[in-house]
Structures are given as structure tokens and as C-alpha cells.
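Worksheet: the structure to be examined is printed underneath.
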Amino acid sequence: MMSIRSTTALTIAGLAGLGLLTACGGDSDSDEGASGKVSITVASDAGLTPEAISSYDQQIATFRKKYPNIEVKREEYTWTGPTFAAKLAGGTLPDVFTLPFTDGRTLIARRQVADISDEISKLPYANSFNPNVVAAGKSDDGSVELVPIAAYGQALHYNRALFEEAGLDPDKPPTTWAEIRSAADQIAEKTGQAGYAVMTKGNTGGWILSTEAYAMGGRMTQANGDEQKATVDNAGAKEALRLVQDMRWQDDSMGSNFGYDWNGINQAFAAGKIGMFVTGGGTYDNLVSQNEIKPDDYGLTVLPLEGADAGVLGGGTLAAVSVKADDAEKAAAVKWIDFFYMQKLITQEGAVRDAQNRQTDKQPVGTPQLPVFDQATEQKRLEWIKSYVDVPLEQMTNYTSAAFQQPLVPEPPVATQDLYAALDPVVQKVLTDRNANVDELLSQANSEVQNVLDRG
Amino acid sequence: MIDRPVVPATARKVPARKVRGNGLATVVFLLPMLVAFGVFSWFPIGRALVMSVQQTNLVTPATFVGVDNYVYVLHDPDLWTAIRNTGYFAGLALVFGYPIPLLLAVLMSEVRRWRGVYTALAYLPVVVPPVVAVLLWKFFYDGGPTGVFNTVLGWIGLGPYPWLNSSSLAMPSLVLEATWAAAGGTVIIYLAALTAVPPELYDAAEVDGASIRQKVWHVTLPQLRGVLLVTMILQLIGTAQVFLEPYLFTGGGPSKATLTLLLLVYDYAFGSSLSGDFGAATALSVMLAVVLALLSALYYRLTRSWSQS
């Protein structure tokens, strides 16, 4: 017979054993061995083809030849809002990962990414970044803590086949918001498809409304000393919402789906269900690789800018290092960022290697993007990869001829996602309720955003 | 007055001694289960309680904030929207979703031929993975005139209806799909319970000249009341925690018309890619758990006498 004491002892022993197991399973603080070797994990896109994985591994091998003391392990990672939040909270991000401009400054302020400003400052091009682009990776004191690796401005994407079917000239896309409205109306009437559509879910409704507001001269927040003031009820936002409201309820030119997120709208656009929509200028890559759009149907042009202070909302991708990385890992991580993400922007060898890898992975080569450094550097890159370019650039000339002259305005700097989230229901309401009051909705959203900004 | 049966002292002691006699074996067999529950259930519950009084992003050190998270959640206007919406979903599910499986089970139990086929058909939606089912229904709910439901309704001159794009239609649309998806499981439970109803009760009712409706009302329902009570409380708890349908169909929209409590918890925690407010998320989860526990206890007390009568 076993006594209560023995039972208790056994239970404690069991739990102690469990604790020991847990302790054994933990990571050591640093992967740097006595030999001076350091090991880092780096993000590679999820779902790569075997050929793409092989070309990625080749890049790792090339890197290791240059830095024999740095062990690089590939780890599947693709940024999506909810999975990023979970990985960030769970501490399971790779040592080197990427994220959108939207989150950069808040992550820095919350100390959720490693401060690699010292390592970045040693890079030869540290002071040559496009100031509008690098702003997304800067801390409040002005040091660059995240590396911008790609940049884009929002743009108007349109379906050339639907334009033709509707009797519109696909080589002369709309250049004013009024023209967008009338083109949408014509497309809806002649083709039965949505002439113009907007995203509304997962914070994208706020993102696109902000884009439209910027293009009509509005700004969603205003710096007031150290504090941020919510201004989502600005005149640009009101004008943008009223335009959408008119297109929805007067013209009935926005189709029947008002629950699009980023993936959903890309899918519908590639399937020929949408005439025009607004999203990042570099989305063609995704439309091809994920949604198999017919390249002949694709058209890209700049957003019309109307009103004083109108600008194009900019975005892009930042490379970051896990907050768990120690000094040796941070140094190794920045070397990888330089090798993997930056060399293709500034050296012929890197640019050509990237173009070849993209073709191996059946990814488009030559999709227009905004210069991370300056226009001259970007032009050089385009020259180096000229023979590999396979995107229909002639269908994007309305964008490429004007995009680089448009004023690029960064996203709202603080609580950006929360701001967008507060605007999603506003856009949804306007699209689903004929009697929605734009002024009232924006005023309520402004109070909500101000609360978020005050909460910090 | 003695209100419970008298049990001899020896009889009461025997089981306890048996357990002690097999203590080692009991503990050894229990240990894996205890560890599994400890790690995957009790520890997270305890951790959630702690997090509900902290401000944390799970990266930087947490700070104790007392009841601030609870106060924040209670002052969030979205909470009351979510409570209203969840109540509306639960109410609709109770009015429409609760009687339908019972009706189906009763009808199927009356069928003499092909009962297996009907049972399989009723259970089929349960076998369809929920995400696939939602994608399928999204297709049905297409708001254009060419959508499946709108096409069918168009044949009789109705519609087109905006379904998921309408603040007033979105929630009933979710309930309809949820009822379709879950009814099969409940039908099986009712069918099993119906087989336990003594046939002589129906025979006696028939001799007394009872109609089918009277047999159902006076024989079937009273005989099933135990099962009915259990399925009702399970449905109430399930609908109070509805997440999948609003998350996949509408994301809480349009304009928060389908924002439910669990979706709000999710939004607090993961709505922002920046690791949102885990304190608020856990505080709302704790409040929901407490309310559901109280509701269950109250329900049990209120219905105890009925289920025992």
C-alpha cells in the first residue's frame, strides 16, 4: 500500500522531471560557440518550389564562403498580420525577418525588435537611403534600426480587358477621381463586373481610405509636439468616402462584394471581376505568383493627386532582427541582410543573381518599385537586369513615367494598424448602408483613434 | 426528517480504501493525463488569469496593472456591441437552430425505410471541414444576382439580397450556415435517445387515440427532456463562444454587425500585427468564462427539478 506521503512525493518527482525536461529544451542565450562561430536563422518565403529552395541554399553557400564563421539556417516565414503577432509574442520569429513599413516605428518604440543601428551605421550606404523610405525604419531619436529593402507607392491597378469590353481605351486610364468614377460606371454597365472595388477587412479598409484621403490632400494624424493628434475626419477622407458612397449607391458600380481583404481583392481582380482597385504599386508579383493573372489583361497607373498637399501613401518592406539576438548574432544578421537583400539593389552581381533566382522560382522580374536609395541607383539596377525582365512594362508606362515624381508620404507613424482598424467599419458602413452619414462616422472614428493614440 | 438514503458506514469506506490500496497504480495511470491537462489546460488558464492583470506584449517584462484591463474592456463600446451580437446569434440559434435537429430526429425516427441514408445525409455537413463549409456558403451567399441563393430566389421573383453585405442579414446568414453545419451531430444524439423511449408508451398513446402531434408532445418530449436540457446548455455555451463563422465569413463586419465576444477577444490579441492587447484579451476571456460558469450553474439549478421529475 502506498501512503499519501509517497503519492505526494511521486507527484512532485513527476512535476520536477517535467520542469527538468522543460529546462533542457530551452535555447541557450547565444549560439556562438567557443570557436567564434555564430549561427542565425533567416526567413525564406513559405511554399517555395524545390528549385527555389535549391537556389536559396546556393545563396546561403555563397554567403558562407564569404563568412565561414556564420552558420545560416533557412526558416519558412511569410508575413501575415495574425501569424506575425503570434510569432512575435511567442518569440519564434527567425533571427532575420521582414515586415511591412506599417509596423516598423511602433515595433521600434515598443522595443520588440533588436536595435541594430550600430551595425547598420557601418554599412557603406547607410547615409544614402531615400529619406522618405528610410523614415519607416527610424526610431524617435533618428537612428536607423530597421533596413528598408523595398519600397512602393500606392497605385491604381486596372483590367485592360474589361476596359476594352466597356469601350474604354486601356492605354489611357483615368487621370482624375472623376474619371475613375465615370470609368467604373461604364465598366459596371457594359460588363456587369465591379467597375471599382475597395478592400474593407483586416485593417485594409482603413489603409485604402487613408490612401485615397492622402491623394485628396488629407492626413490621418498630425504631430503636436511629442503627441499625435487624430485627424481622420479631414476633408480628404470625407471627400474620398463621399466618392465611394456615390459610386456605390448612385452609380451601383462597385459590384456586390464588400468584404474584400488583400488576398480576396487580388484574387477577384486576377479573375476579371474588378475593373479598377487601389493597392501597392508592386502587387503585380503577387497577382502573377499567387493568382495567375493573365499578363495581357493587366494595367497599372498612378493615383490621381488632387488638392493642396496631396500625396501618394508609401509603403514597403523592412528587414529586422529578432529581439532575442545577441551582439554576435546581430552582427551576423546585418551581414546577411546586406548580402541577401541589399546587394541586389546596388551591385550588378547581386541584381543579376536575384533576377536569375526569381526566374527559377517562376516569379516576375522587373516589376516597378520605388527607389530605396535614389532614382539613379534604381535605373542602374534596371539596366543590369534588362535581359531578364519579363513583366509587361509597356502596360505600366502610365505608372513608371509619373510615379517617381509624385510626392511620397509615409503612413501615419503611430498605432498605424489600430488607426486602420478603426476605419474598417466606417468604409463597411458606407458600402452597406445607403443612409450612412460620412461626417458622423468619421467623427466617431476620430475619437476612437484619439483614444488609441492617448493610450500609447 | 431524513432526505437522503442512509448508507452503512462500511459501505462508504470500501471504495476509499480500494483507491488507497491501488494508489501507486492510480497515480501512475493518472500522471500522463495530469501532465497533459496541466500543461495544455490548467497552466494556460492560470496564465490567462495572471495576464488579465498585467500589461504585456510577451517580449518586454510585464507590468502589474491591477484591474485596469477589466476597466478598459468594460468601457470599450465594442464590448456592448459584441454582447448584443452574441446574444442575437444565440437567440436566433435557439429559436431556429435548436428545434430543427429535434424535428428532423423525430421525423427520421418515424421513417421505416432508408433511415440509414437519411441519417448519413443529416450527418454529412458535420463531416465537411468547417473552413470548407464556410467557403462553400460564401459562394452561396454571393450578393450579386448570379449568386446561388439569389438565383434560386430570383426564380420566384425575390431578391437579389445582399446577405453578408447587409448589417441586418449578415447575422441570420451566419446562423443559417451554423445550424446546417451543427444540426447533424445533435440529430444523432436525439435519434439515439429516441431509441430508448419505451415503445409501449406510444402503443398506449395510440390506444388512447393520440395524434402524432400529441404523441410527440406527451411522450417524446418528456422522455427526451434530460437530453434536451444537456443539448440546450451545450448550445448556449457554444453560441456564446461563436467565432469561426463571423471570423471566416465577415471578419465581424459589415460595420461590426457580426462582431462577437470571441472575435473581440481575438481582435484584442491578434487584430494588430504588433501583438495587441493580451491583457484586455485575457480579461474579457476571464469575464466570459465566469459568466458562462454562472449561467451553467443557474441553468442547472433552475432545471434540476424538471429533469428529475
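Heavy atoms only: backbone and side chains are in, while hydrogens, waters and symmetry mates are out. For clarity, every value in this text was computed on a predicted model and none was experimentally measured. Every chain is numbered from 1, with letters handed out A, B, ... down the list of sequences.
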Under a 4.5 Å heavy-atom criterion, the part of residues 422-429 of chain A in contact with chain B comprises Pro425(A), Gln428(A), Lys429(A)
Got a sec, which pairs hit salt bridge (charged side-chain N to carboxylate O under 4.0 Å, His left out) with one end in residues 24-36 of chain B, sequence neighbours left out? none
Checking heavy-atom separations under 4.5 Å from chain A, one finds in residues 138-145 of chain B Lys138(B), Asp142(B), Gly143(B), Gly144(B)
Heavy atoms under 4.5 Å from chain A: which residues of residues 161-172 of chain B carry them? Asn165(B), Ser167(B)
Does a sphere of radius 6.0 Å around [atom1] in [X] hold more than 12 heavy atoms from other residues, nucleotides or ligands, not counting ones at 6.0 Å or beyond?
X         : atom1 : answer
Phe29(B)  : CZ    : no
Lys273(A) : NZ    : no
Gln241(B) : CD    : yes

Looking only at non-hydrogen atoms, find the nearest pair between Ala85(A) and Phe270(B) and report the distance. CB-CD2, 3.8 Å
